[in-house]
Number of protein chains: 2
Amino acid sequence: MPAASGTPRPPARSGERGIPEAAVARLPLYLRALGGLAEAGETTVSSEELAAASGVNSAKVRKDLSYLGSYGTRGVGYDVQQLVHLIARELGLTQDWPVLIVGIGNLGHALAGYGGFASRGFRVAGLVDADPARVGEEVGGVAVSHLDQLESIVRAEQVSIGVIATPAAAAQSVCDRLVAAGVTSVLNFAPCVLAVPPQVGVRKVDLSIELQILAFHEQRRNVAVAGVAT
Amino acid sequence: MPAASGTPRPPARSGERGIPEAAVARLPLYLRALGGLAEAGETTVSSEELAAASGVNSAKVRKDLSYLGSYGTRGVGYDVQQLVHLIARELGLTQDWPVLIVGIGNLGHALAGYGGFASRGFRVAGLVDADPARVGEEVGGVAVSHLDQLESIVRAEQVSIGVIATPAAAAQSVCDRLVAAGVTSVLNFAPCVLAVPPQVGVRKVDLSIELQILAFHEQRRNVAVAGVAT
DNA sequence: AAGGCCTTGTGAACGAACGCACAAAGTCGA
DNA sequence: TCGACTTTGTGCGTTCGTTCACAAGGCCTT
Ligand SMILES: NC(=O)c1ccc[n+]([C@@H]2O[C@H](COP(=O)([O-])OP(=O)(O)OC[C@H]3O[C@@H](n4cnc5c(N)ncnc54)[C@H](O)[C@@H]3O)[C@@H](O)[C@H]2O)c1
Ligand SMILES: NC(=O)c1ccc[n+]([C@@H]2O[C@H](COP(=O)([O-])OP(=O)(O)OC[C@H]3O[C@@H](n4cnc5c(N)ncnc54)[C@H](O)[C@@H]3O)[C@@H](O)[C@H]2O)c1
């Protein structure tokens, strides 16, 4: 019962080279906004402009960018191209990331054909499904392989990121196979929790959760109004 | 750092009827886990078990549930059915939420056919697309209407939640129309920021961002390894 | 009836993130 | 060259969220 937590906790990763998780999550936002600005012909951008374009506030923008170093010019702003490059490098987008998508149903089809993948250096290296009827079908220029091929594709294509779009019941076993084959990052669309070894990264996207959060606030507003009226 | 605040500390959320945002975001997780437990025949659940089933830690579970009131039994745990009901009510899931999906392309198709909608009280009240070729097609039991019908569907079906799955370029104008027609919550899949009046709720899902965050950590691991070697 | 055992509910410490506000540092026009 | 103006970079107080740790409370066995 005594949690043996007597060890004086050291500042975790103080000396470490680390930018806050919350800032990392915003970098892709800036990158997207910068793409738009570059297309519009802007060569420099102030934190205020970038804030407006990415839906963040400007103090946060400046602090986030400061984690990458001091590349702004006071009185002027940041160089758009340079920022794009800095952020892309920080996020690891200057290299090619082969991705394997497992479960080519409705969602898998949409993902496989999604252009937002490729534009950031994510290459669909393979599509696999358990249903023999789907094997051979071509989606977004890539043919669907059978689930049996999972391991060989991961190895042949050096896949490090796997995307799971199977029913929830199959997700854990698929995940286990991905990890065993060498995948170290997983994006999970199935509505379930995945158990993975600690060194493997997992992120989940659950559309239903987003809707429920919206419903909560929606209800809150309605109740508030009704409450006043009642 | 002792709270030398002679000031009467405003208990923040004691008087107010407010659950922290972070807790709200986890309630759907618990709900999902409870569904599984109920199916497995469990009638009561401890915070420890629920934590394991929902991928959260148990202290957080207890604190989150405490915002709903004191419904647990010490030494035993929580009643599964009662919890399901409490959470569903808190999230507003005891009522029917008509949802309109705009943009029935690849992603829109997947969303329209997704079962995870209906199981939580979200009813697809309409599907609209700008492409005349798509109008009339039936997806998941609902026929696709033309974009022109947007306003009339929102009013006729009392839609308060809109889902945007159009290309980014069209998203803002679609959003404006939804809001003008009376929608007060928007779930946006297009990779762009949406401007809305302050009383309208917006959430965004950007798959590409999730991948970029994965890539960041993936790279970090690789660099760490390579760094030692270099 | 009493004591042991388990689990909740929560006060309090800790830590992460936010946003303000401003000095520092640069640009640009005169 | 200089001074007005603009915008960065960041120190700091505040707020939000997480985690610890334990008293309070209730069940069950004896
Ligand atoms: N459709 C959506 O909008 C949506 C949204 C959020 C989450 N999800 C989730 O994403 C997942 C997929 O949804 P969907 O609508 O595409 O379902 P789907 O039934 O259309 O597709 C599932 C696919 O996975 C394949 N599959 C089943 N078991 C497999 C296995 N062991 N290995 C490989 N492939 C396997 C099936 O053959 C099928 O092609 C589900 O878990 C769903 O809950 C879907
Ligand atoms: N496919 C994915 O996996 C994925 C993932 C994340 C985000 N997204 C985003 O979701 C959106 C849709 O993606 P998609 O793959 O389904 O694209 P898509 O091109 O297949 O579908 C877009 C649909 O929107 C319709 N549309 C265009 N303008 C419209 C308007 N003004 N009003 C109503 N409908 C209109 C088109 O007719 C088309 O049917 C895009 O913004 C995309 O970036 C897609």
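Residue numbers begin at 1 in each chain, while the letters A, B, ... track the order of the sequences. Values reported hereafter were calculated over all heavy atoms of this structure, with side chains retained and with hydrogens, waters and symmetry mates removed.
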Self-check item: Any side-chain donor near an acceptor of the partner, B:Thr184 and A:Glu218, under 3.5 Å
Solution: yes

Practice problem: Could you verify whether a donor N or O on one side chain and an acceptor N or O on the other, from B:Ser47 and B:Arg62, lie under 3.5 Å apart? | Solution: yes

Do any side-chain nitrogens or oxygens of [X] fall under 4.0 Å of OP1 or OP2 in [N]?
X       : N      : answer
A:Ser70 : D:dG9  : yes
A:Tyr78 : D:dT6  : no
A:Ser47 : D:dT8  : yes
B:Asn57 : D:dT18 : no

Using whole Å, what does the distance between atom [atom2] of nucleotide [N] and atom [atom1] of [X] come to?
X       : N      : atom1 : atom2 : value
A:Tyr67 : D:dT8  : OH    : P     : 16 Å
B:Tyr71 : D:dG26 : OH    : C1'   : 18 Å
A:Leu68 : D:dG9  : CG    : C1'   : 13 Å
A:Glu48 : C:dC20 : CD    : P     : 11 Å
A:Asp79 : D:dT7  : CG    : P     : 16 Å
B:Arg62 : C:dA12 : CZ    : C1'   : 15 Å
A:Ile19 : C:dC18 : CD1   : P     : 13 Å
B:Arg26 : D:dG17 : CZ    : P     : 9 Å

Self-check item: First encountered from the 5' end of DNA chain C, between A:Ala59 and B:Ser46
Solution: B:Ser46

Self-check item: Nearest-nucleotide 5' precedence on DNA chain C, B:Leu65 against A:Ala22
Solution: B:Leu65

Quiz item: Heavy atoms, side chains only, cut-off 4.5 Å: are B:Glu90 and B:Leu27 in contact?
Solution: yes

Quiz item: Above 12 or not: heavy atoms from other molecules or residues under 6.0 Å from CD of A:Gln199?
Solution: yes

Quiz item: Got more than 12 heavy atoms from elsewhere within 6.0 Å of NE2, A:His85?
Solution: no

Exercise. With the side chain of B:Thr73 defined as its heavy atoms from C-beta on, choose the nearest nucleotide among C:dA17, D:dG26, D:dG17.
Key: D:dG26

Quiz item: Picking from D:dT8, C:dC18, C:dG9, which would you name as closest to the side chain of B:Ser66?
Solution: C:dG9

Exercise. Take B:Lys63 and A:Arg74, find for each the nucleotide of DNA chain D with the closest heavy atom, and name the residue whose nucleotide sits nearer the 5' end.
Key: A:Arg74

